There are 6 protein chains.
Amino acid sequence: MSAARVDGRKADQLRPVTLTRKWSIHPEGSVLVEFGQTKVLCTASVTEGVPRWLRGSGKGWVTAEYAMLPRATNTRGDRESVKGKVGGRTQEISRLIGRALRAVVDTKALGENTIVVDCDVLQADGGTRTAAITGAYVALQDAVTWMRDKKMIKATKEPLAGSVSAVSVGIIDGVPMLDLCYEEDVRAETDMNVVCTADGKFVEVQGTAEGAPFDRAELDALLDLATAGCRELATHQVKSLLS
Amino acid sequence: MSAARVDGRKADQLRPVTLTRKWSIHPEGSVLVEFGQTKVLCTASVTEGVPRWLRGSGKGWVTAEYAMLPRATNTRGDRESVKGKVGGRTQEISRLIGRALRAVVDTKALGENTIVVDCDVLQADGGTRTAAITGAYVALQDAVTWMRDKKMIKATKEPLAGSVSAVSVGIIDGVPMLDLCYEEDVRAETDMNVVCTADGKFVEVQGTAEGAPFDRAELDALLDLATAGCRELATHQVKSLLS
Amino acid sequence: MSAARVDGRKADQLRPVTLTRKWSIHPEGSVLVEFGQTKVLCTASVTEGVPRWLRGSGKGWVTAEYAMLPRATNTRGDRESVKGKVGGRTQEISRLIGRALRAVVDTKALGENTIVVDCDVLQADGGTRTAAITGAYVALQDAVTWMRDKKMIKATKEPLAGSVSAVSVGIIDGVPMLDLCYEEDVRAETDMNVVCTADGKFVEVQGTAEGAPFDRAELDALLDLATAGCRELATHQVKSLLS
Amino acid sequence: MSAARVDGRKADQLRPVTLTRKWSIHPEGSVLVEFGQTKVLCTASVTEGVPRWLRGSGKGWVTAEYAMLPRATNTRGDRESVKGKVGGRTQEISRLIGRALRAVVDTKALGENTIVVDCDVLQADGGTRTAAITGAYVALQDAVTWMRDKKMIKATKEPLAGSVSAVSVGIIDGVPMLDLCYEEDVRAETDMNVVCTADGKFVEVQGTAEGAPFDRAELDALLDLATAGCRELATHQVKSLLS
Amino acid sequence: MSAARVDGRKADQLRPVTLTRKWSIHPEGSVLVEFGQTKVLCTASVTEGVPRWLRGSGKGWVTAEYAMLPRATNTRGDRESVKGKVGGRTQEISRLIGRALRAVVDTKALGENTIVVDCDVLQADGGTRTAAITGAYVALQDAVTWMRDKKMIKATKEPLAGSVSAVSVGIIDGVPMLDLCYEEDVRAETDMNVVCTADGKFVEVQGTAEGAPFDRAELDALLDLATAGCRELATHQVKSLLS
Amino acid sequence: MSAARVDGRKADQLRPVTLTRKWSIHPEGSVLVEFGQTKVLCTASVTEGVPRWLRGSGKGWVTAEYAMLPRATNTRGDRESVKGKVGGRTQEISRLIGRALRAVVDTKALGENTIVVDCDVLQADGGTRTAAITGAYVALQDAVTWMRDKKMIKATKEPLAGSVSAVSVGIIDGVPMLDLCYEEDVRAETDMNVVCTADGKFVEVQGTAEGAPFDRAELDALLDLATAGCRELATHQVKSLLS
């Protein structure tokens, strides 16, 4: 694969990844995640109790909300609070992040507590949802540790069954590429977001033909790239949590 | 594959598929699609002109709206019109149907006209979004024919570059199965919706681990099942359009 | 009365009336009612409990919601869920249907249970509200029977004190006519919807001068037509419930 | 008819009616109408131009908005602005007032101008919608006179084809009564609002069985009472406009 | 100060002030306050109980809602109920009135009861928020007296620690002036609303440079004017309550 | 003044102030402002054209939107986008920031262009609105410079007539203090926000008695403190813009 990328990366290369824990003072878990120029602030908030439909079940709940600052992007977008409703894209990504996190959560071990992970995009340059999932897992882990310290979780229980990270892949000028920046994302014929556990299993696969439909071989190539990318991101997560 | 399914089907068998064209008198295209007990009314409405951001581009627009009658399901759901907002799931499915249809539309050939395809679920028993896409394509084709008759489209142009259909697949008790009904859908460990063209290429692949994450072999098995299922649906579409 | 009607009917003649019970599998009562080309799906949903303001009263509650599919009409209307609010006309008709049904309901006999009757117009050709009331009564009766089978109602109690049906009447070119189709409705100088019990008493009378105000003689002629029409509809309802 | 009414009136007697013109300084027409303790401020606002769907038609538009102050009633109601939506009852009454006024308006003679009549209930004691219609007509007449003075209407044209007033009637303890106050309205078995022109023709008839359905003889008695009541209100309107 | 004012007043002169108590029959306190042509109906509604966050605290709650009739102003404004949201200015003024009233309320003495004071502007000519505060205090006092009569407040407790009134001041053509009418308000370079207790202390000071920023000397002159104006308003309030 | 402050500051001492320009890559002006632990991201977005009511006037428009991330505070707040409406406090602060900025803008010099300054609170510890105004001015200045570089503003015109900054002051335990942090803000008997120009004139003065009303001497002491504080902030702004 010799295609030149706008930022000089190789096709199978991630952008520089930074995970800054404890970025904010208030939340129980707080991570500023950067995938190149994309910056997402992930904060995990713990509250006792669960939504009505889980009361008395002994199970906890983990959910996520994704949003973008109006000028996170190249041109200013209207605030969803001012428009009075949350857009379809925003809800879709919030739901994706929530599902991704819950895939590694043992809600029984969490007890009847709720963790809301807010993923606010401060600056967008492609891959905001995948950066959000990757950072959100780390914030979630910190919130779980905080709960353990506060004796909200029993010592013998481990609410997180593994780690989860996500990356985008796409086909540009016929070449499968990893971790697309905005300029690449716009040009991609096929665009896929893949959420994996640290051991390379799939939590979510979402591929869309932006141009012509794609065939099985292309799909396979993209899945290979994404699996490798997520493995690398899992390493970043571990390092960050150990630091 | 010898797993017994609730309705006696084989693992790789579709439910009975019915496509009833011209179900309603008003729309330019109108199809009642049935996948077993799931019934979706797909109506295609043609209007001259396009949304503001396409004016003067010479291109047309195709979009979709998905909704469910309050008692399409086993327990009554609140009306989204009464709640005052469209839920995240509804928007996500509307967006999916729209993307699936646009994948086979040549918007230049459509001219500056808009087609809205409404997919209203009259009765739900799993697979409402995949039935909707499969029916919506047929309604869209009828609407395009209507436009051609009205000389809204030039004779030499063909706005639909191919057909598109969709099917759900999932893993239940370890067995990959095609076209899940509601009872199966609830039990599936992994759930995937696949949108294909008639020639077996992918337009959209959306797989989610509802329980444990899934591995590459499972993903491959699901994709095989889905591709075959969509090919069969494409045949149903052709037969319906020729009748 | 020799005026020719668009569909060849006599002035005092109903359109063909069809009441298809058990059209859907999920609801406790479900009727597809057709007045000519007008098709309304009426589903009755039973839930235990009543709204807050009736708790502890020993009384039940019956309410209705009316809505129209976007392309039920000749030109597509925007979805009220997308607009984020229910229009005035929709609410007015929902309230009318609810009042009409409650006029024959003994809420004491119903116990603290709620029945919501959804009337969704699948195809509109005039008289959607009157068809809705006529079909809703049958769906309500089926739901009450279901409750009796489930022992939710005591054997000695009869929650429905009688039947209720509705029809539109209007004056077109000076001639009073029964059960207007859309084309007639648009041309009517005076438009009236009348809801009657099977024994010819009035539950609701709503007459509006669309053109010139109408006099007492015209009003009397319209009431005569409507009373006869409702009596005929009551017969259709009985036949349907006995079938 | 010897039934004692709560305020000592005879069955066919209106409450004291007051029409105070020019109650406010800003509106083009402004009337405080009182039916006993019910007080409604009706203001007519003239603007050049018409809604989009009338542009270029040469026709004007008259519409109405009805609302109630939170503490116009015995217990405080939540503000509809705070709830974020206009209730069904409010919209239904707004639509009724608008239709009633338009029944006497020649929109051609109005030219492409719009008059909005706001009817704000300052104090409610039954019959707010009928008082509103009765006052709104006078405010509308004043607004039309203002337009004529400003040369917005040609001298040879008369936009108001007659006057319109409204009154409620009902059956209480078997006795038909005119112009119900709140206490009577609550007890009425049958409740009817009737809108008439000065020459005794009907613009709108809305009767509802609150308790048992009513028969034709009862309906006839109510219509007689209402027609006489409206004739008396028309006299009040003329006197007010001449003063 | 010899500047001629549009209505002939002196710079330090209030407009004619009228406080009409018991204007409405339903509310526990009801005052029509007039500052010249500005007319605001202030009604105080008492309910048992407090918002959720105060339950069990032994404290009561006082809040206010401000709104304007659509044609209270020179040109008609859209209804906030129809727009579906309360504007920023409206909320800001509602919050101001609430704070002003609470500054003189001993919530402990009120017990767990709530008083909502609605301030509805029937006619606007500048100073609507200051008239509203001035009238709202009187309505609040009447509501408290009503509560005492109903034994909702213990005889030994006094929920109102003093009185509160408000007035606007501004600089026009360099001259500080008291109680601006609309025409003056529009022309003012600096605009200030001051809420004072009867003993001349400040509850709220809100000054805004509409044109050039103002200096300390100007600020001092405005505060002097406002303090004197509020003292005069306090006298009006006492007189009204004693009448 | 010897009162010990929670963070050891003197009564007349600001918290550490940081103004980080070009914090984001996309906006025309972008400043991260920190007042101690309070962090607000201020971004200025330039667009050609103005709101409808200014078209053709030759004047530009400057407006602001203030918002807070859900977990900027000690406990998570619900998102206003999810609640579907912008709260009263949020709107009030947005309006304040907009007025403060416009006080130093010559809209004629700006031409028919719009600058929206978004102030998003990333972390809150008191004084978010005053930090926002102080940072917003710097972002605005950078946006104006960007416009000059792009020739959107004529060389001979200067759209900013001066600088503007803001600070909170309050009385705690009887002692007037400058720039309150959250813990102090909660305890303050009187709370005031003051917006000044660099030359010490007032743009906005908003003082509120949270506890007992305050007298003139207290008001004077607070104004002295605030004026000095704003002068110091103006120096920070100049230094930042020169760096």
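Letters go in sequence order (proteins before strands), and every chain restarts at 1. These numbers were taken from a predicted model, which means no experiment stands behind them.
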Item checked: For chain B, the option from C:Thr47, C:Leu41, C:Thr43, C:Ile25 that forms the most heavy-atom pairs under 4.5 Å -> C:Ile25

Note to self: If I take atom NZ from residue B:Lys83 and atom OG from residue C:Ser81, how far apart are they, to the nearest 0.5 angstrom?
What the structure shows: 10.0 Å

Notebook entry, point to check: Which residue out of B:Ala44, B:Gly84, B:Ser45 racks up the most heavy-atom pairs below 4.5 Å with chain C?
Noted result: B:Ser45

Item checked: Under 4.5 Å from any heavy atom of chain B - which part of C:Gln37 -> side chain

Note to self: More than 12 heavy atoms of other residues, nucleotides or ligands under 6.0 Å from CD of C:Glu48: yes or no?
What the structure shows: no

Note to self: Let me confirm one number: the CH2-NZ distance from C:Trp23 to B:Lys39, rounded to the nearest 0.5 Å.
What the structure shows: 4.5 Å

Notebook entry, point to check: Contact part of C:Thr73 toward chain B, heavy-atom cut-off under 4.5 Å: side chain, backbone, both or neither?
Noted result: backbone

Notebook entry, point to check: Under 4.0 Å between a Lys/Arg side-chain N and an Asp/Glu carboxylate O for B:Glu28 and C:Arg71?
Noted result: yes

Next item on the list: Kindly compute the distance separating CZ (C:Arg76) from NE2 (B:His26), expressed to the nearest 0.5 Å.
Entry: 14.5 Å

Notebook entry, point to check: Looking only at heavy atoms, which of residues 110-128 of chain C get nearer than 4.5 Å to chain B?
Noted result: C:Val116, C:Asp118, C:Cys119, C:Asp120, C:Leu122, C:Gln123, C:Ala124

